[in-house]
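Right, one structure below, let's go through it.
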Amino acid sequence: MSSEDEFVHKDHKSREAYLPYSKQWISEEDIQAVVDVLRGDYLTTGPYIEKFEQSIAKYVDAKYAVAFSSGTAALHGACFAAGIMDGDEVITTPMTFAASANCVLYQGGTPVFVDIDKDTYNIDAKKIPKSITDRTKAIIPVDFTGQPADLDEILEIAKANDLIVIEDAAHALGATYKGRKVGSLSDMTMFSFHPVKQITTGEGGIITTNNRVFYEKLLQFRSHGITRDKSKVQDSHGPWYYEMQFLGYNYRMTDIQAALGISQLTKNERFLKWRKKYAAMYNEAFSRMDMLDTPFQNRMIESSWHLYVIRLNLSKLCGSRKEIFEALQNENIGVNVHYIPVHLQPYYSELGYKRGICPNAENLYESIISLPLFPAMTERDAEDVITAVKKVMLNYSNK
Ligand SMILES: *Cc1c(COP(=O)(O)O)cnc(C)c1O
């Protein structure tokens, strides 16, 4: 106990400056890459878009990639390409950001929430078959925190039931599943480049796929459903001719963003090393504390460690999650909660989704806190987080 006494001085904060839960890391090279585009001929849909798409496709070992203005727009595109329409059902997890389910609603479909596995917090593949009906078209698994979902099981269920798998890998750029990089395993895979994600383009997202039909639909959907491809148009009035063949959107990424993305991608392996290092420090520091659970890791995967989520063992604590969360904030530690289960959001309640349909996710939500984890933080920052967590846990210990 005496060695931990230093943690219980309530008036002494663990650190002076606020540490956010996540933050981008922009280098001088990144800035130069953006400046070069600004001095060039194209600001949008120039040479950098294709280069970025090819770089991402190569990195994840997929044939094709289509960049979008956001990860959400990319998911919308994937639902369109998968043919999701009015009345179709799509299975997903509630333990995610709203976008994973909203993309189904955009296409007039119905998200069906399947509960999570108690250990990995990913969708429980064993529970998926019971939720399949003759209207089910697709499954959207989410690689929560960067830990790939049970893709072999999910892909097998999809194959047996003629479903398309759209993997939401917003957290998982660089993660591997049974030795293979996430991004070429599902029919389509989405990555997000929001500033808190693995790499950033400000806003941005991408779909990777090995399927040429999906690839071409995604390209056209991103730009109003317009094509100039001579082999696809029905008519030709002259060299200016193009056709709008279905209702698409302006979901294009700019060349400015793509140049930033290319530069950022060259650093992702280094970013991953930092993330893994800090996650390992947390694991080591907290593994013997019975007041919380550290993240369970499936042995067949390597996580990209987008988030570090601790689960409070509330029976061993005399404070609530809210009190502990606020105590950590008072220590200048930028904590967060990922996520409020999507089906509990007021919009979804109004659509008729009820509390109780996914008890594992609902219970998990009551006891989780995300700790700061990002490559630009220092070892000292990680030590501050550890100090603060130990201090707060001791203060709230019910022993
Ligand atoms: C960030 C995120 C998205 C959406 O990506 P945006 O680029 O912000 O639109 C979708 N799903 C998950 C799980 C995310 O974390």
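Both ligands and their constituent atoms are indexed starting at 1 by order of listing. Since this is a predicted model, take the numbers as computed values, not measurements.
Residue-environment remark: NZ (K63) stays at or below the threshold of 12 foreign heavy atoms within 6.0 Å. When the shell of 6.0 Å around NZ of K276 is examined, it contains more than 12 heavy atoms from other residues, nucleotides or ligands. For K273, the NZ atom is loosely surrounded, since the number of other residues' heavy atoms within 6.0 Å does not exceed 12.
With atom 2 (C) of ligand 1 as the reference point, the heavy atom nearest to it among H76, H171, K197 is part of K197.
Within the structure, ligand 1 has S100 among the residues with a heavy atom less than 4.0 angstrom away. Taking a 4.0 Å cut-off on heavy atoms, H338 fails to register as neighbouring ligand 1. Not a single heavy atom of A74 sits under 4.0 Å from any atom of ligand 1. The closest approach between Y339 and ligand 1 falls below 4.0 Å for a heavy atom of the residue.
Note on ring orientation: taking the six-membered ring where Trp is involved, the planes of H237 and Y241 are tilted (angle from 30° to 60°).
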Pair K118, D124 - check salt bridge (charged side-chain N to carboxylate O under 4.0 Å, His left out), show working. CA-CA 8 Å; K118 279 182 178 167; D124 186 344; over 6 Å; no
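Between M190 and ligand 1, no N or O atom pair is found at a separation short of 3.5 Å.
Using a cutoff of 4.0 Å between basic side-chain nitrogens and carboxylate oxygens, R180 and D61 are not scored as salt-bridged. We find that E331 and R15 are not joined by a salt bridge, their nearest charged nitrogen and carboxylate oxygen being 4.0 Å or further apart.
Those atoms of ligand 1 with a heavy atom of G204 less than 4.0 angstrom away are 7 (O). Close contacts of ligand 1 with T96, meaning ligand atoms under 4.0 Å from a residue heavy atom, involve 13 (C). Taking every non-hydrogen atom of S70 and a distance limit under 4.0 Å, the qualifying atoms of ligand 1 come out as 7 (O), 9 (O).
Among all protein heavy atoms, the one lying closest to atom 4 (C) of ligand 1 is T72 OG1, 3.6 Å. Scanning the protein heavy atoms around atom 11 (N) of ligand 1, the nearest turns out to be D168 OD2, 2.7 Å. In terms of protein heavy-atom proximity, atom 5 (O) of ligand 1 is nearest to S192 OG, 3.3 Å.
Annotation: F221 is in aromatic contact with H76 [ring centroid separation under 6.0 Å].
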